[in-house]
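Let me begin by presenting the structure, written as structure tokens, before commenting on it.
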2 protein chains.
Amino acid sequence: MAERRTSPISGENLLFLTDEQLRKGIEAMFFAYRGFTADPDRILEQHGYGRAHHRALHFINRTHGTTVNNLLGLLGVTKQSLNRVLRTLIADGLVESRVGRTDRRERNLFLTEDGRKLERALSEAQRERMRSAYRAAGPQAVAGFRQVLEAMMDDEIRHQYASLRDRRP
Amino acid sequence: MAERRTSPISGENLLFLTDEQLRKGIEAMFFAYRGFTADPDRILEQHGYGRAHHRALHFINRTHGTTVNNLLGLLGVTKQSLNRVLRTLIADGLVESRVGRTDRRERNLFLTEDGRKLERALSEAQRERMRSAYRAAGPQAVAGFRQVLEAMMDDEIRHQYASLRDRRP
DNA sequence: TATTTTATGTCAGCCTTGTTGACATTCCAA
DNA sequence: TTGGAATGTCAACAAGGCTGACATAAAATA
């Protein structure tokens, strides 16, 4: 018994892998995600939009001129679902859809001035919460936060995330 | 300039608060949440259930004998929404609803043997992904992960999370 | 005791956002 | 020239949010 205590190997240093610890992480993810979406949700509501609109605006802003197909991969929904959202955003003048230059079957998507405005309002609200959380937790915690989240992603998504992450803004 | 480099104060050590860094955190949350729910979703689909059922099973399991009202607070939905889910779980024999002993207006909720079985399958799938992410990232990263998530929650939710977190299982 | 409040359940109806399936159009590429 | 890929559109459906209205039982209170 006493020998065990002197050895940091096996058991004791894996306490963070107990079901108990894992459960806390799971519940933290669930509750934190509520906070994560709360602020943009309030803004969206004023415009009669939902989270799907936010996601579309975000990724169109991130990858100017992206194609519908590429967007589908990022969002992980069907084209019919995305199309319904895109249609309203285009009709409302927040998104512009241009016929592709090299491949005219494709549509390249861009935010209009109004679209950029709303996207900025949404992302600024979300960043503000993230900023406050980052500040409260400190840089080392933030590094760990990102590491765990990346390890939690499906492989295919992690690649998409990584190429987006390293893209120049 | 050289003096700046010798001083860790101000500026340089706040790099983790740039909009760029915040954006990476936001996208990481979005993509990671997809992974977080992917495995339970597959199991739920086989039973004809959705995420709402998973959440109900999880929190009934966590707080045996909880009342409907308490559950509403944890889940953050309306009683009508919760009731629809509870009704099917009770009809399917996964949840038992007993009239309160001290206050007979209340209903105390419990998982049946079948309910515990499904809950275990769901949470084991989710824990397995979390375990793998925790293992890949290491204990220090996990501590940071939890810190940032907790800081991200709304105040009221954070209290609920904390009392649940510290509860004996 | 009489009244009000609380906890819960339920019905109806609406919205967003996901799904599948079918079909049309455009147009690149073999 | 023809097959297939990318996109759009229409219809129908389901899950799971929401609100509002109403019923019941029981507790709390005046």
Side-chain angles (χ1 to χ4, degrees), chain A residues 30 33-34 37-38 40-60 65-92 95-110, chain B residues 30 33-34 37-38 40-60 65-92 95-110:
Chain A
F30 171 65
Y33 202 81
R34 289 244 289 273
T37 55
D41 280 355
R42 271 187 285 272
I43 298 174
L44 289 162
E45 203 188 359
Q46 296 166 3
H47 294 254
Y49 293 140
R51 274 183 211 172
H53 299 86
H54 182 190
R55 294 196 280 261
L57 290 172
H58 176 93
F59 286 110
I60 293 172
T66 187
T67 64
V68 172
N69 234 2
N70 185 37
L71 211 49
L72 289 179
L74 286 170
L75 296 173
V77 298
T78 60
K79 63 175 180 175
Q80 293 90 335
S81 250
L82 175 57
N83 190 258
R84 177 170 38 201
V85 167
L86 277 182
R87 219 183 313 160
T88 72
L89 291 175
I90 291 169
D92 294 351
V95 167
E96 195 188 344
S97 168
R98 298 186 205 146
V99 170
R101 305 187 61 176
T102 58
D103 186 338
R104 294 169 41 111
R105 290 170 302 182
E106 297 182 344
R107 298 293 181 273
N108 297 118
L109 302 170
F110 302 87
Chain B
F30 172 65
Y33 203 80
R34 289 244 290 273
T37 55
D41 280 355
R42 271 187 284 272
I43 297 173
L44 288 161
E45 203 188 358
Q46 296 166 3
H47 294 255
Y49 293 140
R51 274 182 212 173
H53 300 85
H54 182 189
R55 294 195 281 260
L57 290 173
H58 176 94
F59 286 110
I60 294 172
T66 187
T67 65
V68 172
N69 237 356
N70 184 38
L71 210 49
L72 289 179
L74 287 170
L75 296 172
V77 298
T78 60
K79 64 171 181 173
Q80 294 91 332
S81 257
L82 174 57
N83 190 256
R84 177 169 39 201
V85 168
L86 277 183
R87 219 184 311 162
T88 70
L89 291 175
I90 291 169
D92 295 350
V95 168
E96 194 188 345
S97 167
R98 298 186 206 147
V99 170
R101 306 187 60 178
T102 59
D103 186 335
R104 295 169 41 109
R105 288 172 303 181
E106 297 182 342
R107 298 291 181 275
N108 297 119
L109 303 171
F110 303 87

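All values reported here derive from a predicted model rather than from experimental measurement.
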Could you check how far [atom1] of [X] sits from [atom2] of [N], rounded to whole Å?
X        : N       : atom1 : atom2 : answer
Arg51(B) : dA14(D) : CZ    : P     : 20 Å
Leu75(B) : dG17(D) : CG    : C1'   : 13 Å
Asn83(B) : dC18(D) : CG    : P     : 13 Å
Glu45(B) : dG16(D) : CD    : C1'   : 16 Å
Leu82(A) : dT20(C) : CG    : C1'   : 17 Å
Leu89(A) : dT16(C) : CG    : P     : 13 Å
Leu72(B) : dT10(C) : CG    : P     : 14 Å
Asp41(B) : dG16(D) : CG    : P     : 10 Å

Distance test, side-chain N/O of His53(B) to OP1/OP2 of dG16(D), below 4.0 Å: yes
Contact under 4.0 Å: Asn69(B) side-chain N or O vs dT6(C) OP1/OP2: no
Touch class at under 4.0 angstrom, heavy-atom based, for Arg84(A) against every strand present: base
Along DNA chain C (nearest heavy atom to each residue), the more 5'-positioned of Val68(B) and Ser81(A): Val68(B)
Of Asn70(B) and Thr78(A), the one whose closest DNA chain C nucleotide lies more 5': Asn70(B)
Which donor-acceptor pairs under 3.5 Å do side chains of residues 74-82 of chain B form with protein atoms, sequence neighbours excluded?
residue, atom, partner, partner atom, Å
Thr78(B), OG1, Ser81(B), N, 3.3

Validation row: Asn83(A), Val68(A) side chains within 4.5 angstrom (heavy atoms): no
Side chains of Thr67(A) and Arg107(A) in contact at under 4.5 Å (non-hydrogen atoms): no
From CG (Leu44(A)) to CZ (Arg51(A)), nearest 0.5 Å: 9.0 Å
Value rounded to 0.5 Å, distance of CD1 in Ile60(A) from CZ in Arg55(A): 13.0 Å
Proximity to DNA chain C (any heavy atom under 4.0 Å), residues of residues 102-109 of chain A only: Asp103(A), Arg104(A), Arg105(A)
His58(B) and Phe30(A): CA distance, side-chain angles, deciding distance, side chain to side chain contact (heavy atoms under 4.5 Å, CB included) verdict: CA-CA 11 Å; His58(B) 176 94; Phe30(A) 171 65; over 6 Å; no
Lys79(B) side chain, from C-beta outward: closest of dG17(D), dT7(D), dT8(C): dT8(C)
Side-chain donor/acceptor contact of Gln80(B) with base of dG16(D) under 3.5 Å: no
Tyr49(A)/Leu57(A) under side chain to side chain contact (heavy atoms under 4.5 Å, CB included): CA gap, chis, key distance, verdict: CA-CA 11 Å; Tyr49(A) 293 140; Leu57(A) 290 172; 5.6 Å; no
